[in-house]
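Order of the sequence lines sets the chain letters (A, B, ...), proteins ahead of strands, with each chain counted from 1.
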Amino acid sequence: MLEKTYDPAAIEGRRYAEWEESGAFAARPDSSARTFTIMIPPPNVTGSLHMGHALTFTIQDTLIRWRRMQGRDVLWQPGTDHAGIATQMVVERLLAETQTSRRAIGREAFVERVWRWREESGGTITRQLRRLGASLDWPRERFTMDAGLSEAVRRVFVTLHREGLIHRARRLVNWDPKFQSAISDLEVESRAIKGTLWHIRYPMAGEEGKFIIVATTRPETLLGDVAVAVHPADVRYRGLIGRSAILPLVGRRIPVIADEYSDPEKGSGAVKITPAHDFNDFKVGERHGLPMPSVLDREARIRLDEIRENFSPLAGVADQEFLESLAGQDRFAAREAIVQKLSELGLLEKSEPQLHQVPHGDRSGVPIEPLLTWQWFCNAVELAKPAIAAVETGRTEFVPKQWENTFFAWMRNLEPWCISRQLWWGHRIPAWYGPDEKIFVADTAEEAAALAAKSYGRPVELRQDEDVLDTWFSSALWPFSTLGWPEETRELKRYYPTDVLVTGFDIIFFWVARMMMMGHHFMHDVPFRAVYIHGLVRDQHGQKMSKSKGNIVDPLELIDRYGADALRFAIVQLTGPGRDIKLGPARVETARSFVTKIWNAARFCEMNGIRPDPEFRPEAATLPLCRWVLDAANRAIGEATAALAAYRFDEYAAACYRFAWHVFCDWFLEFAKPELAAGGAGAAEVRAAAAQVLGTLLRLLHPATPFASEELWEQLGYGPSGSLIRTRWPEPVAVADADSARAELDWVVRLIGEVRTVRAEMNVPPATPTPILLKDAMPTTLLRAERWREAIGRLARVSEIRALVGAPPRGVAQAVVDEATVILPLAEIVDLAAERARLDRERGKVGREAERLKQKLADQAFVSRAPEEVVEENRERLAAAEAELARLEAALRRIA
RNA sequence: GGGCGCGUAGCUCAGCGGGAGAGCACCACCUUGACACGGUGGGGGUCAGAGGUUCGAUCCCUCUCGCGCCCA
């Protein structure tokens, strides 16, 4: 017997363990079935399950379970990402608690410590994914720092280097002073900061008392200025181009140059050019062949070593003592000191508050500093070409399609990808330096040594590059490295390319684009045929969830409170095309009601002896009720399947919801009650059909609500424990003359609806049954009424159904159903005025509809130009409206 | 500044050339033999605004207003 209420906590753990232990999640590389593959976006090994995970993994699991039920050989590849910076930060924090640091214990011990941390704490997220019900093929779990994946990383690096697609260069990069590492431009987010625009006077060389005024938000980088730029068309400065200004505080002469980068509208129209500390200035510097002295070090403190020799004392403009006092100062302290000094020297024209965009490290949260350093770069421009082509030709398709624009916009404007990071946790760059800094790139130290020995003609001591690779470098290989590449494994042959990648738009650039590049280059095919982009999860008010706002909703808490199925169903319901979803506890509570409803419907079935009947042949069903519900189930199957195929999770959920609640429960089970009570052959057929349809429903629901559906599947005897997950997705069954069954049941439903409405509006107490009289009913209608007497009686509280013979009694309420007028003799209780008002309202509504249609059909332009079927449809609607209108008017006359 | 998207019932959202929809919330009634995490009935919308195309526009085009996001 099923429990009175569904208790998710009592069954979820057990059901999941049963699936996992029985191998239900396992791919079947030896089978001949068509494959269906999804690579999990590997969550950070440091992570714990948040709402974004709940969304993306629910969607993936829904697809996976659906395709698995369709008989596909499904591979859902699990794994985690080593997440360079994030993980290093976590372990550094732990070290700080024990009064030590990464530098104190050294690289080797630190890396070992991270591995140990990963052994102890890295499994959190995978445990939590099990709570959600994710049917991942766990024995295949990979980690981006695994031996195999690391080998793939080295192989890719070495290959790309050999092909000239990876090289080392000294370039301006985004430097994070907190992590003291380069970061990629994607890891930089610009934030609006209230700052100050300072207007500084640069004295013109050899022209006492004359100045050129430059406007800047970063006076501390002034020390590294190498020019002042003005727009070539700016008449204010035309005379100054080619002359020299004196750099305040440093005393160096710098040229005034003409460059279109300078915006006459902004500030004073003249800008200082500091190539080593600004990306735009860097380009100006390159165009004009200017020097590029650095004045900030790796911790963003002032350094003078590259400008000291250019110092040239000048009274009232530059004094050495002040300049030296800046050395080693933090950038912000230096800014204050410099502004103060300029003000004292009378070189500060003015300052004005200004809101401007300042680049920040997305993880460190500190302003990033463009810095000239030696780094490794990957030629993304070249690698992007086939990836772009793949999307252009539709080899890979984005869903929704609009994201392709975003993808193209980014892919067509790529900068070299800086792939080196000055961290310790990650894949160490397989490059070694000889005594003269010659570079040897190889898979292993031994191979590098061999290369070096050959190069130098003798064995030499090599030093490996200290840097590690950007975490996204290894993630980019995920779709093939997890399958065993560079080995030619059967998995690699069988499961690459994968079917669909499911992810949020925020990592299209970080990850999707890079997988496309690497996939093409090394596998010569796209990594996935479709990219399904879902929205972000927001709180119920549409706010982005964040710790600082305190509006985080914890999926595990929701699972504890409402069950995993409720959370999953809520997510599936809300996931429409390309929209963020707003998810609060109320939505999950509502979804739980649905799961409970299913549970109770199944309980009713169980109580009424509804068990699957292997002998039942749907095509042989004779009762209209059975044929009707089987047909409705067929349509639900069609809708749900089409919705899933189109990634319309909202429509899939709606199809299941509508069918389960508003067809199966609201009507079918209610109609079934009298049949079941009557017993006999009719009851037997209803039981068998009910079991058939409930089985279909459980199968349709399984991808969204796996736990409850699996539990019911077993308890109601559909199959052995844990077998629903392996059961075939339902197909429509043959139903004899479905049209007539549909016509009949639709009529019954409408009749009951009309009677209920009239009764409710006439305030007939539910406890008082009323007879109904059918006026002008055709014989077939009267036969129908007779067949459904029992059900109509129960559901519409009707005591008796008769054909009206002769004149209607006084004091009636009336309604129109097709050709018949339904008359409720309510002499004792009816309020004639109220009934007249009600009928009048109805007549008005139908009359307006008829009038509108009549006008439309009278319009020559419409009739001649609109498609014939549209015109015909309008004619039919008009005829129906006019007939109903006539009956309503007759009804009104009767009670006048 | 450039690009993308969104403004449809109180809320959350479907629909996207021919009858304005769902869920929740709301109101009224109901402890009917699976379910009050329930049942029945009901109210509620110049589909942001203005033009245009069309026989016909919530839907296509243009502009305006408002709100997001991404890139400068």
Side-chain angles (χ1 to χ4, degrees), chain A residues 2 4-6 185-186 188-190 263 265 279-280 357 359 400 402-406 408-410 413 505-506 508-509 535-536 538 540-544 562-563 566 570 573-584 586-608 610 648 650-651 653-654 657-658 661-662 665-666 669-670 672-674 676-677 752-767 769 794-797 849 852-853 856-857 859-867 869-871 873-874 876-878 880-881:
Chain A
L2 288 175
K4 175 122 169 87
T5 50
Y6 175 54
D185 42 357
L186 286 174
V188 175
E189 59 180 34
S190 90
D263 182 353
E265 306 289 314
F279 285 96
N280 290 309
Q357 299 293 322
Q402 77 209 45
W403 288 110
E404 291 181 1
N405 291 328
T406 310
F408 287 138
W410 188 72
N413 287 289
F505 60 83
D506 47 332
I508 290 180
F509 306 140
L536 256 41
R538 298 170 177 276
Q540 60 267 57
H541 310 295
Q543 296 286 311
K544 215 164 162 174
Y562 304 111
Q573 268 183 308
L574 288 168
T575 302
R579 266 222 203 205
D580 287 352
I581 75 167
K582 295 174 193 169
L583 185 64
R587 301 302 300 233
V588 184
E589 196 178 345
T590 303
R592 179 189 56 178
S593 300
F594 177 63
V595 177
T596 306
K597 184 77 180 176
I598 301 295
W599 184 266
N600 281 312
R603 242 179 97 232
F604 173 83
C605 290
E606 188 188 39
M607 290 163 72
N608 284 278
I610 290 167
R648 286 299 303 262
D650 55 339
E651 288 182 353
Y657 189 98
R658 246 191 333 263
W661 202 313
H662 298 311
C665 291
D666 287 352
L669 289 184
E670 295 303 328
K673 282 172 186 173
L676 292 169
I752 292 169
E754 288 293 340
V755 175
R756 279 171 169 173
T757 301
V758 171
R759 288 180 51 102
E761 294 199 350
M762 291 293 101
N763 290 318
V764 179
R794 275 175 45 82
L795 299 177
R797 315 240 115 207
E849 168 78 359
R852 202 181 56 78
L853 288 163
K856 197 170 183 178
L857 287 161
D859 182 352
Q860 217 23 63
F862 170 72
V863 179
S864 61
R865 300 214 190 183
E869 64 267 26
V870 173
V871 177
E873 194 195 321
N874 277 273
E876 282 164 16
R877 283 215 306 265
L878 176 60

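Look at CD on A/E589: it is 11 Å from C1' on B/C24, rounded to the nearest Å. Note: CZ (A/R538) to P (B/G5) measures 17 Å, nearest angstrom. Between A/R603 atom CZ and B/C37 atom P the separation is 14 Å, expressed in whole Å. Rounded to whole Å, the distance from OH on A/Y6 to P on B/G38 is 17 Å. Regarding A/D650, its CG atom lies at a distance of 7 Å from the P atom of B/G15, rounded to whole Å.
Within the shown strands, B/G21 is the pairing partner of B/C13 under the Watson-Crick or G-U definition, both distances less than 3.5 Å. Pairing of B/C4, defined by two Watson-Crick or G-U wobble distances under 3.5 Å, is identified with B/G68. B/U62 is paired with B/A50 under the criterion used here, namely a Watson-Crick or G-U wobble arrangement in which both key atom distances are under 3.5 Å. When both distances must be under 3.5 Å, the Watson-Crick or G-U wobble mate of B/G38 is B/C30.
The phosphate of B/G3 has neither OP1 nor OP2 within less than 4.0 Å of any side-chain N or O from A/T406. A/S190 has no side-chain polar atom (N or O) that falls below the 4.0 Å cut-off from OP1 or OP2 of B/C71. When the side-chain nitrogen and oxygen atoms of A/K582 are compared with OP1 and OP2 of B/C13, one or more of them lie within a distance under 4.0 Å. At the phosphate of B/C11, neither OP1 nor OP2 sits under 4.0 Å from any side-chain N or O atom of A/R587.
Nucleotides B/U8 and B/G68 are separated by 15 Å at their P atoms, to the nearest Å.
Within 4.0 Å of A/R658, counting heavy atoms only, lies no atom of the nucleic acid at all. Nucleic acid contact for A/D859: sugar-phosphate only, since backbone atoms but no base atoms lie under 4.0 Å from a heavy atom of the residue.
At a cut-off of 3.5 angstrom, the base of B/C35 holds at least one donor-acceptor pair with the side chain of A/K597. Counting atom types as modelled, A/E651 pairs no side-chain N or O with a base atom of B/A22 as donor and acceptor under 3.5 Å.
RNA chain B is contacted by both A/A866 and A/M607; A/A866 maps to the nucleotide lying nearer its 5′ end (nearest heavy atom per residue). Remark on RNA chain B: of its neighbouring residues A/P766 and A/K673, the 5'-side contact belongs to A/P766, judged by nearest-heavy-atom nucleotide.
Taking only side-chain atoms of A/L574, from C-beta outward, the nucleotide of B/A34, B/U12, B/G38 with the closest atom is B/U12. Distance from the side chain of A/L669 is smallest for B/A34 among the nucleotides B/G7, B/A34, B/G18. When each of B/C6, B/G15, B/G41 is scored by its nearest atom to the side-chain atoms of A/P577, the top-ranked nucleotide is B/G15.
Of all the heavy atoms in A/A796 and A/R759, the pair that sits closest is O-CD, 3.4 Å. Scanning both residues, A/A591 and A/A566, for their nearest heavy atoms gives CB-O, 3.2 Å. Of all non-hydrogen atoms in A/P577 and A/D650, the two that sit nearest each other are CD-OD2, 4.1 Å.
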